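One structure below.
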Amino acid sequence: DGGITQSPKYLFRKEGQNVTLSCEQNLNHDAMYWYRQDPGQGLRLIYYSQIVNDFQKGDIAEGYSVSREKKESFPLTVTSAQKNPTAFYLCASSILGGLGNTIYFGEGSWLTVV
Amino acid sequence: EDQVTQSPEALRLQEGESSSLNCSYTVSGLRGLFWYRQDPGKGPEFLFTLYSAGEEKEKERLKATLTKKESFLHITAPKPEDSATYLCAVQASSGGGADGLTFGKGTHLIIQP
């Protein structure tokens, strides 16, 4: 099946730990994104990437890092510098070019700090 | 700065009671306006993309319309399975090819049997 796979679905992090969320897509999309969703707030963009080995900061990049070594993979690391990491994290992808490019989402990963 | 405001925040309807959700936007040149459905604990599911004022799109009981300042998601004779949070988002033409979407906070819709 074509789609976007995020793992793990649930993750618990201790104070001071870095954790990495996985995102893989088999849609052959060029662009990939990471969003954060908090209760009562809209989705906010963390990082995005248009091409392998290149990525840009979104609106709330502080405390996060990403890599794009392969077209189909865009992992997100939540570092200990992120002061309030408990949230629902969504990975997404899209084609590039043309009119508004529809962004498709994965099923999300819940991160909780314990 | 691009802004998206959705109203109401929450809406409770009886099964079969039609209504509309509103999405007001301010954007520096609209490339596209998107509607998504999101079930609890799941990722958003794409519904529609609208590109220009006057455009309409339909899917089952849902119909999306677009003006220069707002979009409406009309729900006709809804069923309990239409209960979800509906998200509106815009993509600006001033942005880069992949700088993402600006989302509203969503409308939480409950359809009671």
Side-chain angles (χ1 to χ4, degrees), chain A residues 3-7 9-10 21 23 25 27 29-52 54-61 68 71 74 87-110, chain B residues 1-10 23-25 27 29-53 55 57 59 64 66 71 84-108:
Chain A
I4 302 168
T5 302
Q6 292 186 237
S7 63
K9 180 68 176 179
Y10 301 96
L21 307 180
C23 179
Q25 56 99 359
L27 300 169
H29 286 170
D30 293 301
M32 296 188 74
Y33 313 79
W34 276 104
Y35 284 86
R36 170 179 171 143
Q37 188 173 33
D38 295 281
Q41 295 199 38
L43 277 69
R44 293 180 290 168
L45 183 64
I46 305 172
Y47 268 99
Y48 66 96
S49 168
Q50 299 185 56
I51 194 170
V52 173
D54 187 51
F55 45 84
Q56 284 75 43
K57 294 181 179 180
D59 300 319
I60 55 166
R68 187 91 185 274
K71 183 177 182 178
F74 192 41
F88 190 47
Y89 290 87
L90 289 159
C91 178
S93 69
S94 74
I95 62 171
L96 289 175
L99 292 175
N101 303 315
T102 299
I103 293 178
Y104 297 92
F105 287 86
E107 287 297 286
S109 292
W110 290 95
Chain B
E1 181 181 342
D2 302 334
Q3 287 191 334
V4 178
T5 303
Q6 291 188 245
S7 62
E9 291 184 8
C23 172
S24 297
Y25 64 90
V27 64
L30 182 69
R31 290 181 65 199
L33 184 140
F34 302 82
W35 281 99
Y36 290 86
R37 169 194 170 124
Q38 187 175 26
D39 293 304
K42 300 282 186 71
E45 174 190 347
F46 170 72
L47 293 174
F48 304 107
T49 308
L50 302 168
Y51 297 106
S52 58
E55 189 175 2
K57 289 191 177 176
K59 179 180 179 181
L66 181 65
S71 176
T85 296
Y86 290 85
L87 303 174
C88 174
V90 297
Q91 189 171 56
S93 59
S94 59
D99 64 355
L101 303 174
T102 299
F103 280 85
K105 295 181 180 181
T107 293
H108 182 50

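Small disclaimer: the values here were computed from a predicted structure and weren't measured.
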Counting only heavy atoms closer than 4.5 Å, note whether B:Leu87 contacts chain A via side chain, backbone, both or neither.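 The side chain, not the backbone.
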
Just by distance, do the side chain of A:Tyr104 and the backbone of B:Glu45 share a donor-acceptor pair under 3.5 Å?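 Pair absent, no side-chain N/O of A:Tyr104 close to backbone of B:Glu45.
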
Should we count NZ of A:Lys57 as having more than 12 external heavy atoms under 6.0 Å?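 No.
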
A:Lys71 atom NZ: more than 12 heavy-atom contacts under 6.0 Å: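 More than 12 within 6.0 Å, yes.
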
Take B:Gln38 and A:Leu90, measure what side-chain contact (heavy atoms from CB on, under 4.5 Å) needs, and give me the verdict at the end. CA-CA 12 Å; B:Gln38 187 175 26; A:Leu90 289 159; 4.3 Å; yes

Determine whether B:Phe34 and A:Thr102 make a side-chain contact, defined as any pair of heavy atoms from C-beta on separated by less than 4.5 Å.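 Yes; the side chains approach each other to less than 4.5 Å.
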
Should B:Leu101 and A:Tyr35 count as side-chain neighbours, where that means a heavy-atom distance under 4.5 Å?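 Heavy-atom side-chain distance check passes, below 4.5 Å.
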
So which part of A:Gln41 gets closer than 4.5 Å to some heavy atom of chain B, the side chain, the backbone, both or neither?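 Answer is backbone: N, CA, C or O of A:Gln41 sit under 4.5 Å from chain B.
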
Under the salt bridge (charged side-chain N to carboxylate O under 4.0 Å, His left out) rule, collect the residues that match up with A:Asp59, sequence neighbours excluded.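 For A:Asp59 there are no salt bridge (charged side-chain N to carboxylate O under 4.0 Å, His left out) partners, ignoring immediate neighbours.
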
Show, in sequence, the C-alpha distance, side-chain angles and deciding distance for A:Phe105 and B:Phe46, and conclude whether the ring pair (Phe, Tyr, Trp, His ring centres under 6.0 Å) test is met. CA-CA 8 Å; A:Phe105 287 86; B:Phe46 170 72; over 10 Å; no

